Enquirer: 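Let me give you the structure first, and then I'll get to my questions.
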Amino acid sequence: MYQIPRGTRDFLPEQAERFRRLEEIAVALACQYGYGELRTPIFEHSELFARSVGESTDIVEKEMYTFQDRGERSLTLRPEGTAGVVRAFVENKLYGGSLPAKYYYFGPMFRYEKPQAGRYRQLWQFGVELFGSEAPRADVEVIALGWQYFQELGVKANLVINSIGCRQCRGEYKKALVAYLTGRNICELCSNRLERNPLRVLDCKEESCQKELEEAPRISQYLCPQCQEHFQKVKAGLSDISIPFTQDERLVRGLDYYNRTTFEYKTNELGSQDALGGGGRYDDLVELVGGPAVPAVGLALGIDRTELMDPPALKKAPGRRGVWLVTMEPVSDQAIALVHPLRQQGVHLGYDLAGRSFKAQFKQADRNNCRWTLIIGPDDLAQGQAVLRDMDTGEQRQLALESLVEMVSNLEGVK
RNA sequence: GUGGGUGUAGCUCAGUUGGUUAGAGCACCAGAUUGUGGCUCUGGGGGCCGGGGGUUCAAAUCCCCUCACUCACCCCA
C-alpha cells in the first residue's frame with residue numbers, strides 16, 4: 001500500500017472546507033486593506049532563496065527541497081513566500097508603478113523538517129508584502145492586518161515585537177555582543193552561532209546561555225537615532241489603534257533579510273509550535289535581489305497552525321439543508337428526471353444511487369442532513385402528485401407534479 | 001538532525017505469565033416495520049495485530065531492523 005509522503009497530509013472534505021474558509025477570510029481582509037494577489041511559482045532557482053533568506057539560516061542550510069531539472073538547473077520548492085514575491089516585484093519592474101505597492105499571497109510552502117503536530121513539510125501560508133514605504137505606519141498597517149485576521153477568527157494570539165536595527169547599528173550591536181559572549185559559558189551550538197549569526201544566541205533556550213545573556217548588551221542600547229525613532233513610532237502607532245503587544249528584545253527571526261521591526265503572533269496552546277505568524281521589515285532585500293533600493297515590510301501567517309487553534313469563526317451552523325428524493329422501482333428514473341431541474345435552480349438535491357429500500361433512503365436523507373424529502377413512488381406518479389416531508393417536524397403534504405420545481409425551489413432551506 | 005512515547009476493525013480502545021477460530025463500543029449494511037429518518041432490539045460484513053526478519057512446538061504478546069505518528073530539543077509557520 002502506498003503511504004502519503006512524510007510530513008504531508010490529505011485534506012478530507014470537512015477539513016478542506018475549513019482551510020478554504022481560512023483562505024477566504026484572509027483574502028477578503030487583504031482586499032479590504034488594498035492588497036492585490038501576486039501568484040508566483042511554487043519553485044524558484046535555488047540561488048534566490050540562498051541569497052535572500054540567507055546562507056547561514058536553518059532554512060537554507062538544512063530544510064530546502066532542492067532538485068535538479070532536466071536542464072541541470074538547481075531549483076527549490078519555495079520554503080517561504082517573500083523571496084518569490086520580491087523576485088517578481090523586481091523582474092516585472094513593479095517598482096516603476098505607483099508606490100507603495102501592496103501584494104498578498106496564499107499557498108503551500110515546503111521545508112524538510114522532522115514533522116510534528118503543527119510542523120509539516122508542506123505547510124500553508126498567507127502573507128502580505130508592502131513595498132515602497134519606509135514609514136512606521138506601514139509596519140503598523142501590516143501588523144494590524146495580521147492582528148485583525150486572528151481577531152476575526154476568534155483566535156487568541158499574543159503580539160510580540162522587537163527592533164533589530166538597520167545594517168549599521170545592527171553591525172555595531174553584533175560586534176558588541178560577540179565581544180561580550182566570547183569566552184563565556186555558552187552552549188556548543190551557540191559557540192558556532194557566535195561566528196555566523198550571533199543574534200541567534202539571543203533566543204537560545206539553554207539555561208547557561210540565558211544566564212550569560214542577562215548582563216549582555218541589549219539591541220535597544222545600540223539602535224541608531226533613526227531606528228530608535230522608527231521603533232517608537234511603530235509602538236505608538238500600535239497603541240493608537242489599540243493593538244496590545246509586548247516587547248521582547250530576544251525576538252530574532254530566523255531569516256536574514258529582516259531589519260528594524262520584527263514581530264510574531266504567538267500562542268501558548270500549541271506546545272512548542274508557538275508561532276502562528278510573523279514578519280518584519282526588509283529594507284535591503286529588493287536591492288539584494290537586483291532591484292533598486294525599495295524599502296518593504298511584510299508578514300506570513302501559518303494557516304495549518306491557525307486551523308489547529310480551532311477558530312470559533314469556523315464553527316458551522318448545524319441546520320438542515322437541501323432536498324432528498326425518495327423513490328422506488330420501477331419509476332425511479334422517471335422520478336429523477338422530474339426532480340433534476342431543481343439542480344438547475346440551485347437546489348441542493350440528492351438521491352440514492354444503489355437501489356436501496358424506502359426506509360434506507362429516509363435514513364440517507366437524515367444522515368445527509370437534508371431539510372426535506374420528496375417522495376415520488378409509483379402511486380404518487382399515477383396520481384400526478386409528490387409528497388413533501390419536512391424532516392425537522394415530520395409534517396407532510398402533497399404537491400402537484402406540474403408545479404413541483406417551482407414550489408420546491410422556493411422552499412426555505414433548499415439552497 | 002538528537003532523544004523519549006505510541007502503532008490491534010472506518011474511529012476510540014481492550015487483549016492476562018507467549019497457548020488453539022483476535023474482542024468491545026461507536027460507525028456501516030440488513031431485518032423487526034413489503035411507502036417513512038432520529039429511539040430500541042436482532043443479525044451481518046469488515047483485521048496480512050504498521051511492515052520485514054528472528055527466537056519458540058506455538059508470537060498481537062519476546063528480540064532486532066524499518067516505516068509512520070507523536071512529545072521534547074532544534075527551528076519556525
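Below, all heavy atoms of this structure are taken into account, side chains as well, without hydrogens, waters or symmetry copies. Convention: sequence-line order gives letters A, B, ...; per-chain numbering from 1. On a predicted model such as this, the values are computed, not experimentally measured, just so you know.
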Enquirer: With a non-hydrogen cut-off below 4.0 angstrom, is A/G146 in contact with a base, only sugar-phosphate, or nothing?
Expert: nothing
Enquirer: Over all strands shown, is A/Q3 touching base, sugar-phosphate only, or nothing at heavy-atom distances under 4.0 angstrom?
Expert: sugar-phosphate
Enquirer: Using the side chain to side chain donor-acceptor pair (under 3.5 Å) criterion, which residues pair with A/R170? Sequence neighbours excluded.
Expert: none
Enquirer: Can you tell me how far P in B/C29 sits from the matching atom in B/G37, rounded to whole Å?
Expert: 14 Å
Enquirer: Between the base of B/C74 and the side chain of A/R119, is there a donor-acceptor distance below 3.5 Å?
Expert: yes
Enquirer: Provide the distance between the two C1' atoms, one in B/G46 and one in B/U8, to the nearest whole Å.
Expert: 14 Å
Enquirer: Among all residues two or more places apart in sequence or in another chain, which pass the salt bridge (charged side-chain N to carboxylate O under 4.0 Å, His left out) test with A/D380?
Expert: none
Enquirer: Let me spell it out: for each of A/Q125 and A/I4, pick the nucleotide of RNA chain B with the closest heavy atom. Which residue's pick is nearer the 5' end?
Expert: A/I4
Enquirer: For A/L123, which contact category applies under a 4.0 Å heavy-atom criterion: base, sugar-phosphate, or nothing?
Expert: base
Enquirer: Between A/Q116 (CD) and B/G1 (C1'), how many Å, whole number?
Expert: 13 Å
Enquirer: Who passes side chain to side chain donor-acceptor pair (under 3.5 Å) against A/R87, sequence neighbours left out?
Expert: A/E44, A/E91
Enquirer: Checking A/T261 now: which residues fulfil side chain to side chain donor-acceptor pair (under 3.5 Å) with it, not counting sequence neighbours?
Expert: A/D139
Enquirer: In whole angstroms, how far is the P atom of B/A72 from the CD atom of A/Q273?
Expert: 7 Å
Enquirer: Restricting to side chain to side chain donor-acceptor pair (under 3.5 Å), what partner residues turn up for A/D10, sequence neighbours left out?
Expert: none
Enquirer: The criterion is salt bridge (charged side-chain N to carboxylate O under 4.0 Å, His left out); which residues satisfy it with A/R397, sequence neighbours excluded?
Expert: none
Enquirer: Under 4.0 Å, heavy atoms only, any strand: does A/A365 hit a base, just the sugar-phosphate, or nothing?
Expert: nothing
Enquirer: To the nearest Å, how far apart are A/D274 CG and B/A72 P?
Expert: 10 Å
Enquirer: Which whole-number value in Å describes the distance from A/E61 CD to B/C74 P?
Expert: 16 Å
Enquirer: Determine the Euclidean distance between corresponding C1' atoms of B/U20 and B/G3; express it in Å to zero decimal places.
Expert: 41 Å
Enquirer: Pairing donors with acceptors under 3.5 angstrom, does anything connect the side chains of A/E329 and A/S332?
Expert: yes
Enquirer: Would A/Y35 and A/Y103 satisfy ring pair (Phe, Tyr, Trp, His ring centres under 6.0 Å), going step by step from the backbone distance to the final call?
Expert: CA-CA 5 Å; A/Y35 290 72; A/Y103 307 100; 8.4 Å; no
Enquirer: Between B/G5 and B/C11, how far apart are the P atoms? Round to whole Å, please.
Expert: 25 Å
Enquirer: State the dot-bracket string of RNA chain B. Criteria: Watson-Crick or G-U wobble, both atom distances under 3.5 angstrom; notation: ( ) intrastrand, [ ] crossing earlier pairs, | interstrand, . unpaired.
Expert: (((((((..((((.....[...)))).(((((.......))))).....(((((..]....))))))))))))....
Enquirer: Both A/G279 and A/R6 contact RNA chain B. Taking the nearest nucleotide for each, which residue is further toward the 5' end?
Expert: A/R6
Enquirer: What pairs of residues pass the salt bridge (Lys or Arg N to Asp or Glu O under 4.0 Å) test when at least one of them lies in residues 305-316 of chain A, not counting sequence neighbours?
Expert: A/E17-A/K316, A/R18-A/E307, A/R18-A/D310, A/D310-A/K315
Enquirer: Any base atoms under 4.0 Å from A/E80, or only sugar-phosphate, or nothing? Heavy atoms, all strands.
Expert: nothing
Enquirer: If you look only at pairs with a residue in residues 337-363 of chain A, which of them pass as a salt bridge (Lys or Arg N to Asp or Glu O under 4.0 Å), with sequence neighbours excluded?
Expert: A/D352-A/R356
Enquirer: Among residues two or more places apart or on two chains, list those pairs meeting ring-ring contact (aromatic ring centres under 6.0 Å, His included) that have a residue in residues 253-285 of chain A.
Expert: A/F150-A/Y265, A/Y257-A/Y282, A/F263-A/Y265
Enquirer: Answer with base, sugar-phosphate or nothing: what part of the nucleic acid does A/D304 contact at a heavy-atom distance below 4.0 Å?
Expert: nothing
Enquirer: Would A/E152 and A/Q148 count as having a side-chain donor-acceptor pair, cut-off 3.5 Å?
Expert: yes
Enquirer: If we take the P atom in both B/U17 and B/C63, what is their distance in whole Å?
Expert: 14 Å
Enquirer: Dump every N/O contact between nucleotides 3-8 of chain B and the protein below 3.5 Å, one line per pair.
Expert:
unit_1: B/G3; atom_1: O6; unit_2: A/K114; atom_2: NZ; d: 3.2

Enquirer: Using the P atoms only, state how far B/A22 lies from B/C28, rounded to an integer number of Å.
Expert: 26 Å
Enquirer: Classify the angle between the aromatic ring planes of A/F11 and A/W124 as parallel (below 30°), tilted (30 to 60°) or perpendicular (above 60°).
Expert: perpendicular
Enquirer: With rounding to the closest Å, how many angstrom separate the P atoms on B/G1 and B/A59?
Expert: 35 Å
Enquirer: Measuring only the P atom in each nucleotide, how far is B/C62 from B/G15? A whole number of Å is fine.
Expert: 12 Å
Enquirer: Across nucleotides 28-38 of chain B, 5' to 3', mark each nucleotide with B, S or - according to how protein heavy atoms within less than 4.0 Å reach it.
Expert: SSS--B-BBBB
